[in-house]
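Down below is the structure, laid out as structure tokens.
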Amino acid sequence: MKFYKDHYDVIVIGGALAGLSSALMLADKGLDVLVLERHNLPGGIATSFVRGGMEIEAALHEMMSIGPKENRLKVGKFLDDMGVDIDWLPVPEAYHASLPGLEVTLHPGLERFSREIDEKVPGTYDKVLRLLKLCDEVFNSVNELSIHPMSKAQMLLKHEAFVKTAGYSTKEVIDTFDLPQQAVDLLSPYWIYVGSSFSDLPFTIFSVLMADYVGYGSFIPRKFSHEMSLKMAERAEEMGVQIEYRQHVDKILVRKNRVYGVRTARGDEIYADYVISSAYPNAVYSHMIEPASAVPEEATKMVNARRLGLTAFSVILILDREAEELNIHDYSIFRGDTMDTDVLYDNLAGLGPYRYLTCICHNYGNPDATPPGTCSFSVTVLPRVDGWKEVTADEYDAVKHKVARQVIDDMSAYFGVNLLDHVLEAVIETPMTVAHYTGAWNGCIYGYSHTMEDHIIARLQTAEHEHFIDGLEFAGAHAISGDGMGPQVTNGRKAAKNILDDLAEKEAGKK
Ligand SMILES: Cc1cc2nc3c(=O)[nH]c(=O)nc-3n(C[C@H](O)[C@H](O)[C@H](O)COP(=O)(O)OP(=O)(O)OC[C@H]3O[C@@H](n4cnc5c(N)ncnc54)[C@H](O)[C@@H]3O)c2cc1C
């Protein structure tokens, strides 16, 4: 029996959240889909590992766009609709902010969040709530416009808040609310989930972040992020998708500016009408297109012009006590010695000491995350790729342990407990770990930064012109909806939709 069919409708490179979402949507419409994944498991970054007999989350802190069962948001709804049955657990809080002069735990719900900020910074309730409601309005517009594009005139009539704020940075809009600095600081911690400083982050993106996370709360799968990957892969196979693991795609085959297949590292040539790539455009246009002469100059210019987002450094500890006994009281802690995001962004360019940490104690979201009498605690820094790119093989071990020591010592001092005295298992993930396991360009987990120069709205308008090679789509953090596990589902769906639209146009004789 032949391993591969003679021809597929679509080949998807990468069996992580984006690629699997594309596969699910295309299979649902009856297309013949092959997924090729270089690793021996699905999921990419959405994975877990086993140490000391315990399954440990590798990455996920919290998922956006899920929503409770009775009021699912777009990602939760898509997974439900596709029959991917995930046991979602609500995260109990938005975050604990540990910032200069501030120790506050804030909870989801626009009113509750505003009231809790007001308790710490009195007199701010009305303004904070007004700001969050503005975010919510922009968020609803973004959701509607991404499905129903409309003319500028219609947009002005129906989506005034969106249009009015679209050209401004987060800082510019927040400044108009004239809030005390401490209130602004308490509204800022999620900045790291997109990784552009507030003076460079489009308010549109901030709005989506705040309205989704604060308005609806976040969720985690009971069996870690790998529950999503495994169940999506399982469901895709039930729907007829062929998934092959340990198949690294080396080349994307192009003829007359149209893809016609791929070649794997072991030499199999496989043919299809469309290819969806989870590999970064940087990798695709620099060495995956065959022949190399088929790479248009504009494609090279595009990847060179875009700024890569952040990568990740994470220390994951399994500790020999319940969290409370170690003075760990929250699911999520954002800790910084300043909340000036310009200063923090600069700090992320180096190799530490890092000034902004994000920590998770899984047991508060999922009491069964580890056996009784233990807890799981992780400290994550999301550095820029710049500093880590320069680390040589000889320096790697020393740098990795130095940074791990810094972040553990910082959190030990904060809790008043030496965490190192309680370690049962410890794992250090670096940008190199990410690059090694997923092939991500420079270990980048965030795709391209959303900035005022490379604004989401401009990207939406140029998306059509960035289809440099017919039949080639991209799905991953590098695609239009950007980073995060939830947005990968949206990116995957968008790539699938582009193919379905193209097929529909062909059928209608428009192409
Ligand atoms: C420590 C950490 C914490 C995080 N926390 C959160 C969080 O709390 N919430 C959140 O939403 N996001 C979080 N993220 C970010 C999120 O995981 C990423 O933005 C997102 O998963 C990226 O998805 P992706 O599909 O672009 O990439 P990946 O998950 O890397 O998927 C790419 C897939 O393609 C495969 N592939 C690549 N090239 C090839 C090839 N040539 N041939 C075959 N297969 C190939 C890879 O093996 C991989 O499976 C975190 C990330 C890290 C590292």
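Both ligands and their constituent atoms are indexed starting at 1 by order of listing.
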request  = In sequence, state the C-alpha distance, the side-chain angles, and the governing distance for T370 and H362, and then conclude on side chain to side chain contact (heavy atoms under 4.5 Å, CB included).
outcome  = CA-CA 8 Å; T370 59; H362 272 107; over 6 Å; no
task = Would you sort out whether R307 and D200 count as a salt bridge (Lys or Arg N to Asp or Glu O under 4.0 Å), showing the intermediate values?
result = CA-CA 12 Å; R307 189 172 88 196; D200 203 18; 3.4 Å; yes
key: Stepwise side chain to side chain contact (heavy atoms under 4.5 Å, CB included) test for N442 and Y280   = CA-CA 10 Å; N442 288 337; Y280 270 64; over 6 Å; no
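Aromatic ring pairs are classed by plane angle as parallel below 30°, tilted from 30° to 60° and perpendicular above 60°; the pair F334 and Y95 is perpendicular. Aromatic ring pairs are classed by plane angle as parallel below 30°, tilted from 30° to 60° and perpendicular above 60°; the pair Y8 and Y4 is perpendicular.
For atom 18 (C) of ligand 1, the nearest protein heavy atom (residue, atom name, distance) is I445 O, 3.5 Å. Annotation: atom 31 (O) of ligand 1 to nearest protein heavy atom, A16 CB, 3.1 Å. With respect to atom 30 (O) of ligand 1, the closest heavy atom belonging to the protein is T438 CB, 3.2 Å. Given atom 53 (C) of ligand 1, the protein heavy atom at minimum distance is A312 CB, 3.6 Å. The nearest protein atom to atom 40 (C) of ligand 1, hydrogens excluded, is given as I13 CG2, 3.5 Å; this is a heavy-atom distance.
Within the structure, ligand 1 has Q247 among the residues with a heavy atom less than 4.0 angstrom away. Residue G439 places no heavy atom under 4.0 Å from ligand 1. Using a 4.0 Å cutoff on heavy atoms, M63 does not count as a contact of ligand 1.
In terms of polar-atom proximity, defined here as any N/O pair under 3.5 Å, A475 makes no such contact with ligand 1. Where the criterion is an N or O separation shorter than 3.5 Å, residue side chain and backbone included, A58 fails it with respect to ligand 1. The shortest N or O to N or O distance between G484 and ligand 1 is below 3.5 Å. In terms of polar-atom proximity, defined here as any N/O pair under 3.5 Å, V249 does make such a contact with ligand 1. Considering backbone and side-chain N/O atoms, S278 never comes within less than 3.5 Å of an N/O atom of ligand 1. The distance criterion of under 3.5 Å between nitrogen or oxygen atoms is not met by M288 with respect to ligand 1. Between I45 and ligand 1, at least one pair of N/O atoms sits closer than 3.5 Å. For a threshold of 3.5 Å applied to N or O pairs, the pair formed by H39 and ligand 1 contains no separation below that value. Between R38 and ligand 1, a contact under 3.5 Å exists for at least one N or O pair. When only interatomic distances are considered, the shortest N/O to N/O separation between E37 and ligand 1 falls below 3.5 Å.
Residue M485 approaches ligand 1 through these ligand atoms, each under 4.0 Å from one of its heavy atoms: 10 (C), 11 (O), 12 (N), 16 (C), 17 (O), 21 (O). Of all the atoms in ligand 1, the ones that sit under 4.0 Å from a non-hydrogen atom of E62 are 7 (C), 8 (O), 9 (N), 10 (C), 11 (O). Here is the list of ligand 1 atoms found below 4.0 Å of a heavy atom in G44: 29 (O), 48 (C), 49 (O). Near G14, the atoms of ligand 1 lying under 4.0 angstrom from a non-hydrogen atom of the residue are 34 (O), 35 (C), 44 (N). Interface atoms of ligand 1 facing H61, defined by a heavy-atom separation under 4.0 Å, are 5 (N), 7 (C), 8 (O).
Looking at heavy atoms from C-beta onward, P42 lies in side-chain contact with H226 at the 4.5 angstrom threshold. Contact annotation: the side chain of D470 never approaches that of V259 to less than 4.5 Å [non-hydrogen atoms, C-beta and beyond]. Side-chain contact between Y448 and N282 is present, with heavy atoms from C-beta onward closer than 4.5 Å. In this structure the side chain of T430 reaches within 4.5 angstrom of the side chain of Y396, judged on heavy atoms.
For the side-chain contact (heavy atoms from CB on, under 4.5 Å) test, residues two or more places apart in sequence or in another chain that qualify with R246 are N40.
Proximity annotation for atom 1 (C) of ligand 1: of E429, H248, K251, R246, E429 comes nearest, heavy atoms only. When the heavy atoms of A283, S21, A59, G309 are ranked by distance to atom 2 (C) of ligand 1, first place goes to A59. Considering G43, A477, G19, S65 only, the shortest heavy-atom separation from atom 26 (O) of ligand 1 involves A477.
The proximity of A440 to ligand 1, defined as any non-hydrogen pair under 4.0 Å, does not occur for either the backbone or the side chain. When non-hydrogen atoms are compared, ligand 1 lies under 4.0 Å from the side chain of Q488 (C-beta onward) but not from its backbone. Using a 4.0 Å cut-off between heavy atoms, L36 contacts ligand 1 through its backbone alone, with no side-chain atom that close.
Not less than 6.0 angstrom separates the ring centroid of F468 from the ring centroid of F474. Taking the centre of each ring, F313 and Y354 stay at or above the 6.0 Å mark. Between Y437 and F49, the ring centre distance reaches or exceeds 6.0 Å.
Rounded to the nearest 0.5 Å, atoms CE (M64) and CG (L209) are 5.5 Å apart.
The local environment of NZ in K497 is sparse, with at most 12 non-hydrogen atoms from other residues, nucleotides or ligands closer than 6.0 Å.
By the 6.0 Å and 45° rule, R38 does not stack over the aromatic ring of Y245.
We find that K231 and E234 are not joined by a salt bridge, their nearest charged nitrogen and carboxylate oxygen being 4.0 Å or further apart.
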